[in-house]
Amino acid sequence: MGENPRKGDALEGPTLEGSNVARMNANVSEDIQAEQQHSTEQDLRQHRLDKLARIRARGEEPYKYLFTRSHTIGAARAAFEAAEASATAEEHPGVAAALAGRMTAFRRQGKSSFADLRDESGRIQIFFNQKQLGEDAYEALKDLDLGDFLGIHGNVRRTRTGEITIFADRYEILTKTLRALPEKWHGLKDVETRYRQRYLDLAANPEVMDVFRKRIQVVSVMREFLTGHGYLEVETPMLHPIPGGATARPFVTHHNTYDRDLYLRIAPELYLKRLIVGGFDKVFEINRSFRNEGVDTRHNPEFTMMELYEAYQDYLGLMDETEEMLCTIIERVTGGTIFEHHGRTIDIQRPWRRLPLFEAIRTYAGIDLEATRDREEAAKRARDAGVDVDATMGYGKIVDEVMSAKVQPHLVQPTFLYDYPIEISPLAKRKRDNPQLTERFQPFIGGYELGNAFSELNDPLDQRDRFLQQVKLREAGDDEAQYLDEDYITALEVGMPPAAGLGIGIDRLAMLVTNTTSIREVIFFPQLR
RNA sequence: GAACGGGUAGCUCAGUCGGUAGAGCAUCGGACUUUUAAUCCGGUGGUCAUGGGUUCGAUCCCCAUCCCGUUCACCA
C-alpha cells in the first residue's frame, strides 16, 4: 500500500463506541450537548455513534433483521398512479404501503419534515408529521442521518405541490450508517474514490447504476440470444497448464499440491474447441480472461469475453449471425438502431459494411500490402503511410499495425474487416482460394475492435506447423507468441468438424451502448495500482 | 515503461506573484406544520498527498516518492 494513506483510511482505528458499554450508557444525549461541536471526519462519525447509542438506549435495534415491504418504491408509485387514474376528481386516493430504502435527503420544517427515500427502483418523498407520528417518534427523527436505511409504513398520496409522497404513520431504522454519503448535488466525482469505493459511487451517482444496468443487460440479452439459437453455455478452466488461444502474456500462479505453475487463462478458445471435438455442436462461454499487459482506457487486466463455437459453420455464416446478435443486443439495450457514442452518431441498420482487410488498408492508409509478401517492402510502405515500424515486426505484425493506426479509427459505423494474413492468425483456417490468408473477420463499431472470429483450423498437421511458427517467434524473443499445445493437436487428430468461432469483448460492447470511453466505467471494480 | 496534467475540509471546488487558507453542501446549536439543491440565524471543521531541501518564513519554489487522469508504447 505504500506510504500514502488512502482516502478513508483515517477512520480505521479501533472504535469501541458501538460496544455494550456504550449501549448501556443512557446519558449519551447529555454527553452530546456537553461535547464540543466538531466536524472532522472522526467527529462526524462520532455524532453518528452517539445517535446509535441513543437508539439502543431507548431499546430499539438499529440493525434490523427483516422488513417486509409491500412494494418497491417504483411499484408503489405505479400503484398510486393507477389508483389515481381510476379515481374521480373528488376522491383523494391513497395507497397503503410499507417501503424501505436509504434516506438521501432530509428537510426539517418545524413540526413537519420531508425526506427522500431511495431504493433500487427509484426515489420517493416521505412526509413526517408530529401529530401523525406522536411527539416521541417525531423527536427521534433527530437520530436519523443521511444515508440511513429506513422502513416506512404509511399512505402514498400527492402533496399539495403534486409530488407523490408516502405519508408516514410510523417508521423504523433498518440500518444506522456511520459514514456520510458524498454530497447530494455534485455527487462523487473523484475517480479514484469512485473506482476504489464503487459502493459510494453507486449510492451517490444514479447514472452510474444505469451504466451497470446496461452492461448487465448486454450480457443477459446475449445469453438469451445464444441460448435461443441452440447454443449451450459451458464452463471451461480458468487455470491453464499451457496458456493458449490468444497472443498475449499470461499471469502465472502456482498450485501447491501439484507443485506446478499454472496460468490464468488468456482465452477459453482451445478448451471450447475440444468440446466441439467431443461432440457438442454449439457452445459458448461468457467469463473472464486475464492478460498481463498494459492498462488504459480500453484494457483491464481481467476482462469479460464471450466465445462461441459452431460446428459445420464457416466464417461467412458466422458473420451473419454476429451481425444479428450484435444488432439484437444494441437495439434492446439502447432502445433503437441509432445511438450516440463519444459525440458520434452510430447507425447499426443492417446490412453492415464488409471490407477485406487489404482493401481497407488501400482505402485508408493509401498503400497496398497485399501485392507484396516481403517484410522489408511492407515495412517501407508502412513507413510511407506514416506508421512506425520497428525491426522486430514481421510482415503480419506490420499489416496489423497499419490496420490499427490507419484503418480502425475510421470504422465508426459497423464494419466487418475480413481475410487476415496467416502470420497473425495461427488458429484460423486458410482461406480456401488463398493459402496466404485466413478466413477471419473482426467486427468494428465506434472505432472499437469488438471481437474476432474465424473458420477454425481443424487440420492437425497444419495446426502443428502454425504452432511451430509461434514457437520460433517465442524463441526469437516474442513473449506473446503462442505455446505448442500437444493435447490440443491430439484433439484435432481425433477430429474436429468444420466449425466457426467468435469472441466478443463484453466490456467494449458495454462501453459502446453506455456511451462511455473508459473501460473502467463499465467494470465494477477495475484494477488500480 | 515514457511525457504531460493533477492531489487543498467528509463531498464539490476556489485561493495563496512565499507571510501557516476560503465558499457551497454535509455536520452541530437555534427558528420554522407542504418542503423538494427548503430558507433564515449562529458555530465546529484543514499536517494544503508524503519525505527532504532552499528561505527569517513553504500549501505555494526545488528534488525525490506515492497515487489518479490523459496521451503514447504493449494489447483485446
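Reminder, nothing fancy here: chain letters follow the sequence lines and each chain counts from 1.
Residue contacts for A/Arg249: at a heavy-atom cut-off of 4.0 Å it reaches the sugar-phosphate backbone alone, with no base atom in range. Across all strands, A/Gly187 comes closer than 4.0 Å only to sugar-phosphate atoms, never to a base (heavy-atom distances). Contacts of A/Leu146 with the nucleic acid, taken as non-hydrogen atoms under 4.0 Å apart, involve only primed sugar atoms and P, OP1 or OP2. At the heavy-atom level, A/Gly294 lies under 4.0 Å from base atoms of the strands shown. Within the 4.0 angstrom heavy-atom criterion, only backbone atoms of the sugar-phosphate kind lie near A/Glu449; the bases stay farther away. Nucleic acid contact class of A/Tyr195 (heavy atoms, under 4.0 Å, all strands): sugar-phosphate only. Within the 4.0 angstrom heavy-atom criterion, base atoms lie near A/Asn300. Within 4.0 Å (heavy atoms only), A/Tyr138 reaches no atom of the nucleic acid at all.
When Watson-Crick and G-U wobble pairs are counted only if both distances are under 3.5 Å, B/G29 pairs with B/C41. The pairing partner recorded for B/U35 is none, the criterion being a Watson-Crick or G-U wobble arrangement whose two distances lie under 3.5 angstrom. Using the Watson-Crick or G-U wobble rule with both distances under 3.5 Å, B/A3 pairs with B/U70. Within the shown strands, nothing qualifies as a pairing partner of B/A76 under the Watson-Crick or G-U definition with both distances less than 3.5 Å. With a cut-off of 3.5 Å on both Watson-Crick or G-U wobble distances, the partner of B/C17 is given as none. Shown here, B/A23 forms a base pair with B/U12; the pair counts as Watson-Crick or G-U wobble because both key distances fall under 3.5 Å. Using Watson-Crick or G-U wobble geometry with both donor-acceptor distances under 3.5 Å, B/C61 finds its partner in B/G53.
Within a 6.0 Å radius of CD in A/Glu120, no more than 12 heavy atoms belonging to other residues, nucleotides or ligands are found. Applying the 6.0 Å contact sphere to CG of A/Asp390 captures more than 12 heavy atoms from other residues, nucleotides or ligands.
Across the protein-nucleic acid pair, A/Asp296 atom CG and B/A76 atom P stand 12 Å apart, rounded to whole Å. Protein atom CZ of A/Arg107 is 10 Å distant from nucleotide atom P of B/U35, rounded to whole Å. Per the geometry, CD belonging to A/Gln42 stands 22 Å off P belonging to B/A26, to the nearest Å. Distance CH2 (A/Trp185) to C1' (B/A23): 17 Å, rounded to an integer number of Å. To the nearest angstrom, C1' of B/C32 lies 13 Å from CZ of A/Phe127. Between the NZ atom of A/Lys142 and the P atom of B/U27 there is a distance of 14 Å, given to the nearest Å. At whole-Å resolution of the value, CZ in A/Arg123 and P in B/U35 are 15 Å apart. If you take NZ of A/Lys184 and C1' of B/C25, they are 7 Å apart, rounded to a whole angstrom.
Geometric assessment of A/Arg157 against the ring of A/Phe167 yields a positive cation-pi assignment under the 6.0 Å and 45° thresholds. Annotation: cation-pi pair A/Arg474/A/Tyr483 present, NZ/CZ under 6.0 Å from the ring centroid and within 45° of its normal. Geometric assessment of A/Arg440 against the ring of A/Tyr420 yields a positive cation-pi assignment under the 6.0 Å and 45° thresholds.
Between the C1' atoms of B/C60 and B/U20, the separation comes to 11 Å (whole Å). Nucleotides B/A64 and B/A2 have their P atoms positioned 12 Å apart, rounded to a whole Å. Rounded to whole Å, the separation between the C1' atoms of B/G45 and B/G10 comes to 10 Å. The C1' atoms of B/U8 and B/U16 are separated by 11 Å, rounded to the nearest whole Å. For the P atoms, the distance linking B/C48 with B/A58 amounts to 12 Å, nearest Å. Using C1' as the reference atom, B/U59 and B/A49 are 11 Å apart when rounded to the nearest Å. The gap from the C1' atom of B/A9 to that of B/G5 amounts to 24 Å, rounded to the nearest Å. B/G46 and B/C11 have their C1' atoms separated by 14 Å, with the value rounded to a whole Å.
In this structure, A/His410 and A/Tyr364 have parallel ring planes: the angle between them is below the 30° cut-off, well short of the 60° mark. Ring orientation note: the planes of A/His240 and A/Tyr271 are tilted relative to one another, at an angle of 30° to 60°. Taking the six-membered ring where tryptophan is involved, the planes of A/Phe441 and A/Phe416 are perpendicular, since the angle between them exceeds 60° and thus also 30°.
The side chain of A/Glu183 has B/C25 as its nearest neighbour among B/C25, B/A76, B/C68. Relative to the side chain of A/Thr247, the nucleotides B/C74, B/A76, B/U36 differ in distance, and B/A76 lies closest. Taking only side-chain atoms of A/Glu163, from C-beta outward, the nucleotide of B/C68, B/U12, B/U35 with the closest atom is B/U35. With distances taken from any side-chain atom of A/Thr297 to the nucleotides B/C74, B/A76, B/U70, the minimum falls on B/U70. Comparing B/C68, B/U33, B/A76 against the side chain of A/Ser112 picks out B/U33 as the nearest. For A/Ser518, counting side-chain heavy atoms from C-beta on, the closest listed nucleotide (B/U33, B/U70, B/C67) is B/U70.
Residue side chain A/Thr159 reaches the base of B/U35 through a donor-acceptor N/O pair under 3.5 Å, judged by distance alone. Between the side chain of A/Thr161 and the base of B/U36, a donor-acceptor pair under 3.5 Å is found.
Each of A/Lys189 and A/Gln109 was matched to the nucleotide of RNA chain B holding its nearest heavy atom; the match closer to the 5' end belongs to A/Lys189. Comparing A/Glu293 and A/Leu528 along RNA chain B, the residue whose closest nucleotide (by nearest heavy atom) sits nearer the 5' end is A/Leu528.
Two residues are said to be in side-chain contact when any heavy atoms from C-beta on lie closer than 4.5 Å; A/Asp296 and A/Ser518 fail this criterion.
Taking 4.0 angstrom as the limit, A/Arg45 places none of its side-chain polar atoms (N or O) nearer than this to OP1 or OP2 of B/U27.
With its ring centre under 5.5 Å from that of the base six-membered ring and a plane angle below 30°, A/Phe303 counts as stacked on B/A76.
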